[in-house]
Amino acid sequence: MAARSPAAAGFENECREIHGACDEPRRLSRLLAHRSASERQQIKATYRAMFGEDLAGRLHKTLTANQDNESQHGLPLQLCNLLYLWMLDLAERDAIMARDAIESGAAADYRALVEVFTRRKQDQLFFTKQAYLARFKKNLEQDMVTDPSHPYQRLLVALATSHKSHHDEPSRHIAKCDARRLYDAKNGGGTGSVDEAAILEMFSKRSIPQLRLALCSYKHIYGHDFTKALKKNLAGDFEESLRVVVKCIYTPSKYYCKLLQRSMQRPEADKRLVTRAILGSDDVGINEIKLAFKSNFGKNLADFIHESLPQSDYREFLWLWQGGQCLVAS
């Protein structure tokens, strides 16, 4: 057994329980769902020190062993996948989510790709690209650009090629200038459309924090969100795609709480979408998500989970993740 490192102190008992539950996803869910990102990293460090193995790697073994047997044994494969993603480092998780989006059916799931490219700083996105290359032996940016004429792809290419250093503090002066450029782009592209070239140029040269500050400045100067301006006299696919990108950048808590609500309202809750919503919401922060959910839907997230989902592995995970202290009765 490996020697314990200082970073691994404090979670020994939990790791013994986790080690014993690695082949029992439901039990494992109860041990991990309520853990913050920081706690999960400490648990991983402790687990490696105690058992000489990466916990995410151990969970992946359970996932791959069960992939061909779910229909025969009723194993909660989707829960296995969620737990595996839950314990991965962010770059590896995003790489897998991006690959899943690219291979989603007949066409790529562009919204899922937008989520990956808008919730990370440029340095973090670099590590995601490296993780993608290491895991899939392919280039992420090349993989996602199969149809350069698609509006989502043009926006994603702009975000991927952004050269603004993440070390630079967002500039209020630049933000005010960009707010004016956004206004001019919205009103200079023709009836109901935007100046696409101006938008793509800005998105390719600004960090996500800088773009967020520009959108904040836009609201302060013009009295409404840029998404509202885009929605008015909406012209086409590019404007609709741009609205989604802007929502992810400017109000991620609102975006992900709506994704949670939509994913749980679908018949036979779309677990792939629920997984995306959980992981994205976790990046934003559960407290922000709960506040946004209450503000947007007039209902507590916990109540919505209880009312919308039948008793299941996913309902239990969601309940514990959002702060529930015990299992919800059917």
Side-chain angles (χ1 to χ4, degrees), residues 1-2 11 14-33 35 37 39-106 108-109 112-113 115-116 127-140 143-144 263 268-280 282-283 312-318 320-321:
M1 188 176 296
F11 287 94
E14 290 87 342
C15 283
R16 290 188 188 95
E17 288 189 75
I18 290 166
H19 186 65
C22 278
D23 293 315
E24 301 175 54
R26 294 182 181 91
R27 182 179 160 203
L28 195 61
S29 170
R30 295 170 193 147
L31 296 169
L32 294 173
R35 295 297 184 180
E39 288 174 331
R40 296 199 301 271
Q41 290 303 310
Q42 293 179 68
I43 286 169
K44 286 180 68 176
T46 305
Y47 190 92
R48 180 180 287 279
M50 292 178 69
F51 301 105
E53 184 178 22
D54 177 64
L55 178 55
R58 176 65 183 83
L59 297 179
H60 188 254
K61 290 179 183 178
T62 300
L63 174 63
T64 53
N66 292 340
Q67 279 177 332
D68 296 328
N69 301 318
E70 184 179 25
S71 60
Q72 298 176 25
H73 303 289
L75 296 171
L77 184 59
Q78 293 291 342
L79 182 61
C80 289
N81 186 57
L82 173 57
L83 287 165
Y84 166 57
L85 293 169
W86 190 241
M87 295 307 297
L88 277 175
D89 292 335
L90 293 181
E92 292 180 288
R93 177 203 293 179
D94 282 350
I96 291 172
M97 298 294 282
R99 183 67 175 177
D100 185 51
I102 289 167
E103 295 185 328
S104 179
D109 186 342
L113 284 170
E115 290 160 20
V116 169
F127 289 115
T128 295
K129 295 174 186 177
Q130 292 296 106
Y132 189 95
L133 180 63
R135 182 177 287 267
F136 303 111
K137 312 305 179 188
K138 294 185 176 182
N139 181 282
L140 173 56
D143 268 8
M144 73 182 187
S263 68
E268 299 293 331
D270 183 341
K271 291 181 179 178
R272 180 176 174 275
L273 195 59
V274 176
T275 294
R276 257 178 57 200
I278 291 172
L279 297 176
D282 188 63
D283 287 333
S312 66
D313 305 319
Y314 260 63
R315 188 175 86 166
E316 183 174 348
F317 188 101
L318 279 160
L320 293 171
W321 166 66

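Along the sequence shown, residues are numbered consecutively beginning with 1. Values below: every heavy atom of this structure, side chains too, minus hydrogens, waters and symmetry copies.
Here the closest non-hydrogen pair linking L63 and C80 is CD1-CB, 3.9 Å. Summarising the geometry of L320 relative to A33, their closest heavy-atom pair is CB-CB, 3.8 Å, with the distance given to 0.1 Å. Closest heavy-atom contact between L28 and C22: CD2-CA, 4.4 Å.
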Do S29 and L79 pass the side-chain contact (heavy atoms from CB on, under 4.5 Å) test, and can you show the C-alpha distance, the side-chain angles, and the key distance before you say yes or no?
CA-CA 8 Å; S29 170; L79 182 61; 4.3 Å; yes

Decide yes or no on side-chain contact (heavy atoms from CB on, under 4.5 Å) for E115 and L279, but give the supporting numbers first.
CA-CA 10 Å; E115 290 160 20; L279 297 176; over 6 Å; no

Take F11 and R35, measure what side-chain contact (heavy atoms from CB on, under 4.5 Å) needs, and give me the verdict at the end.
CA-CA 12 Å; F11 287 94; R35 295 297 184 180; 3.8 Å; yes

Full working for side-chain contact (heavy atoms from CB on, under 4.5 Å) between I278 and F317:
CA-CA 10 Å; I278 291 172; F317 188 101; 4.0 Å; yes

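In this view, E24 and R27 satisfy the side-chain hydrogen bond (donor to acceptor under 3.5 Å, both in side chains) rule, not counting sequence neighbours. The side-chain hydrogen bond (donor to acceptor under 3.5 Å, both in side chains) check on D89 picks up K44, with sequence neighbours excluded. Evaluation of the side-chain hydrogen bond (donor to acceptor under 3.5 Å, both in side chains) rule for Y314 yields T275 as partners, not counting sequence neighbours. Annotation: ring-ring contact (aromatic ring centres under 6.0 Å, His included) contacts of F127 (sequence neighbours excluded): none. Contacts of N81 classified as side-chain hydrogen bond (donor to acceptor under 3.5 Å, both in side chains), with partners at least two apart in sequence or in another chain: none.
Note that CG of L140 is 10.0 Å distant from CG of L133, once rounded to the nearest 0.5 Å. Taken to the nearest 0.5 Å, the CG atom of L32 stands 6.5 Å off from the CG atom of L83. Put simply, CG on L318 and CD on E316 are 10.5 Å apart, with the number rounded to the nearest 0.5 Å. Distance check: F136 CZ to D143 CG gives 9.5 Å after rounding to the nearest 0.5 Å. One distance of note links CG of L113 with CG of D94; it measures 10.5 Å at 0.5 Å rounding. The CD atom of Q78 sits 11.5 Å away from atom OG of S312, with the distance rounded to the nearest 0.5 Å.
Between R93 and D283 there is a side-chain heavy-atom pair separated by less than 4.5 Å. Taking the side chain as every heavy atom from C-beta outward, R272 and D109 approach each other to under 4.5 Å. Side chains of L31 and E14 form no contact here, defined as non-hydrogen atoms less than 4.5 Å apart. Put simply, the side chain of Y132 does not reach to within 4.5 Å of the side chain of M144, judged on heavy atoms. The shortest side-chain heavy-atom distance between D282 and R40 falls under the 4.5 Å cut-off.
Of the possible donor and acceptor atoms, one in the side chain of T46 sits under 3.5 Å from a partner among the backbone N and O of Q42.
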Using residues 51-61 as the side-chain source, report each donor-acceptor pair under 3.5 Å to any protein atom, sequence neighbours left out, with the distance given to one decimal.
residue: E53; atom: OE2; partner: K61; partner atom: NZ; Å: 3.1
residue: D54; atom: OD2; partner: A56; partner atom: N; Å: 3.3
residue: D54; atom: OD2; partner: G57; partner atom: N; Å: 2.9
residue: R58; atom: NH1; partner: T62; partner atom: OG1; Å: 3.0
residue: R58; atom: NH2; partner: D23; partner atom: OD1; Å: 3.2
residue: R58; atom: NH2; partner: D23; partner atom: OD2; Å: 3.0

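For the pair R135 and E92, the salt-bridge criterion is met [side-chain N within less than 4.0 Å of a carboxylate O].
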